Amino acid sequence: MRPVRLHDTATGALRELRPRDGRRVGIYACGPTVYGRIHVGNARPFVTFALLARFLRREGHEVTLVANVTDVNDKIYDAAARADPPMPSADLAREMTAAYVADTDGLGLGRPDHEPLASETIERIVELTGELIERGHAYAVQGDVFFRVRSDARYGWLSHRELDAMDQGEGLEGTQRKEHPLDFALWKAHKEGEDTAWDAPWGRGRPGWHIECSAMAEELLGLEFEIHGGGSDLVFPHHENEAAQTRCARGRELADIWMHNGMLQLGRDKMAKSIGNVAPLHGVLERWGRDTLIMFFVGAHYRQPVEFDDRALEEAAARVERVRDAGRRLVDGDSPADMAGHRDAFLDALAEDFNTAAALGHLFEWVREANRRGEGVGRSHLAQMLDVLALERLLDAAVREPGPEDHALVERRQAARGARDFAAADALRDELRTRGWEVRDGAQGAMLVPVE
RNA sequence: GGCGCCGUGGCGGAGUGGCUACGCAGCGGCCUGCAAAGCCGUUUACACCGGUUCGACUCCGGUCGGCGCCUCCA
């Protein structure tokens, strides 16, 4: 088990992962608000943290991965009301949650260990909110409950902001009921047109945006758990507020390391539903396949912003092919011991802030060395590396096996070649091509490789 | 404006105070009947200006440029 260091947004430094009880690692990765189908940008944290969990498990840690679904939110009310015909917001949330599960299933990374819903955590939310009021960190006004940011000396610590330095939109209506412009809602009183609400000591209503994560994370992972993650656009206010809520209610921090992935960009801008420049995940998977999409994601460090375009995906597809082609030359069993250095360097790179791009470099060094050695190299190292990236199936034998007719064509072609009748040989190769096979002549005879 | 991140070869993308990243594409070579795959070699790398240092792409300062965030309600 090698030491793992991860970038912590709060300190801006790489910090060593220190699992509770030696090996228990809790990861909470913020999932989507379900008011529509998710896009590839939403898939980045899903992939990043699923792969991180895989890596840590293979290193011997007992990982619990939690990815929440926020299913109570203003945007959901809006979307449900605008649907044609308008529908109950709970129905839309349920529908979109199912779509989210189906879409992310397409990534072939399994499910997180827990996928809590805000709507099923109301009791914990109410309890947490009550605790904050009791401790003087929150106050109720006409059915709303606001968090008192001034009461938290560390507020701004995660996102490196000073309360007084922030641009505060003054003169807005709601602001007048708040003690401080940055105070945010823990609970929102029920309003006309909202079709979901729960009872609470300070009035009927529903949770604000941030409190559900504090409640769900604590419930499933406890306090001071190891890793809290999500997109970098969540640092402020979402994670800052989550951290403040738990700190003030419990007197302890919610999480130890705060990890944030960079944004996917689509033509200069961040991919976002609010901008409208989105590529839905299900469409991307349909067009490119999950192997290529995973290869695309691991090709860059998780913290870097990445441009999402055809060229990048085409290149990822080419990398996938290179690995597949190499895999066809390998044999079952152990890899040469003197090639283990590349495999170890691959894992070391992942242990240093989960640098999948650097790790991939080592993987390709291993591939080149294997290619150089030719036939008979055992595949175990490559299988181990690909397994961490959830790409182990690139080594699977072709899904399609050549049939007797294909074999017959190959034999006829070999005979033609033996007779130096190359026109006939090429015609047979073309015929195999139309049957979906690319012929590669090698020392051991011809090999059939499936073509798309 | 504030905070944070970043600016690497045709493209993508790691990394380091002095030593080959890696991948994609191109070109040349080897192999091959041809092709594919593969191997070898190769093309103006480190935004700009100062500074520190024996030595900086790699540290410090500045400039220019890019990106993210800067609550809720409405």
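Note that this is a predicted model, so its numbers are computed, not measured.
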Measure from the side-chain heavy atoms of [X] and tell me the nearest of [options].
{"X": "L182(A)", "options": "rA14(B), rU71(B), rC22(B)", "answer": "rU71(B)"}
{"X": "N355(A)", "options": "rC24(B), rC3(B), rA14(B)", "answer": "rA14(B)"}
{"X": "A357(A)", "options": "rC72(B), rG13(B), rG23(B)", "answer": "rG13(B)"}
{"X": "E315(A)", "options": "rC69(B), rC24(B), rC73(B)", "answer": "rC24(B)"}
{"X": "R417(A)", "options": "rG33(B), rC11(B), rC69(B)", "answer": "rG33(B)"}
{"X": "H160(A)", "options": "rU71(B), rG4(B), rC73(B)", "answer": "rG4(B)"}

Looking at [N], does its base get a donor-acceptor pair with the side chain of [X] below 3.5 Å?
{"X": "R429(A)", "N": "rG33(B)", "value": "no"}
{"X": "K178(A)", "N": "rC72(B)", "value": "yes"}
{"X": "R440(A)", "N": "rA35(B)", "value": "no"}
{"X": "R319(A)", "N": "rC22(B)", "value": "no"}
{"X": "D144(A)", "N": "rC72(B)", "value": "no"}

Starting from the 5' end of RNA chain B, give me the residue, H7(A) or K191(A), whose nearest nucleotide shows up first.
H7(A)
Mapping E365(A) and F184(A) to their closest nucleotides on RNA chain B, which lands nearer the 5' end?
E365(A)
Do other residues, nucleotides or ligands put more than 12 heavy atoms under 6.0 Å from E392(A) CD?
yes
Should we say atom CZ of R82(A) is surrounded by more than 12 heavy atoms from elsewhere, each under 6.0 Å from it?
no
On a whole-Å scale, what distance lies between the C1' atoms belonging to rC59(B) and rG18(B)?
14 Å
Between rC5(B) and rC57(B), how far apart are the two P atoms, rounded to whole Å?
23 Å
Does this structure show an ion pair linking [X] with [Y], if we count only N-O contacts that are shorter than 4.0 Å?
{"X": "E365(A)", "Y": "R368(A)", "value": "no"}
{"X": "D74(A)", "Y": "K191(A)", "value": "no"}
{"X": "R206(A)", "Y": "E194(A)", "value": "yes"}

Do you know which of H160(A), H7(A), H228(A) makes ring-ring contact (aromatic ring centres under 6.0 Å, His included) with W258(A)?
H228(A)
Sole residue of H301(A), R5(A), R15(A) in side-chain hydrogen bond (donor to acceptor under 3.5 Å, both in side chains) with D353(A):
H301(A)
E240(A)/R161(A) under salt bridge (Lys or Arg N to Asp or Glu O under 4.0 Å): CA gap, chis, key distance, verdict:
CA-CA 10 Å; E240(A) 186 73 61; R161(A) 283 152 213 263; 5.6 Å; no
H362(A) versus H342(A), side-chain donor and acceptor atoms under 3.5 Å
no
Any side-chain N or O of N241(A) less than 4.0 Å from the OP1 or OP2 oxygen of rU71(B)?
no
Phosphate-side-chain proximity, R322(A) and rC39(B), N/O vs OP1/OP2 below 4.0 Å
yes
Name every residue in residues 367-390 of chain A that has at least one heavy atom under 4.0 Å from any atom of RNA chain B, in order of residue number, or write none if there are no such residues.
R368(A), N371(A), R372(A)
Whether R135(A) side chain and A249(A) backbone form a donor-acceptor pair below 3.5 Å
yes
Stem ranges of RNA chain B by first residue number, counting only runs of at least 3 Watson-Crick or G-U pairs under 3.5 Å, come to B:1-7 with B:64-70, B:10-12 with B:22-24, B:26-30 with B:38-42, B:47-51 with B:59-63
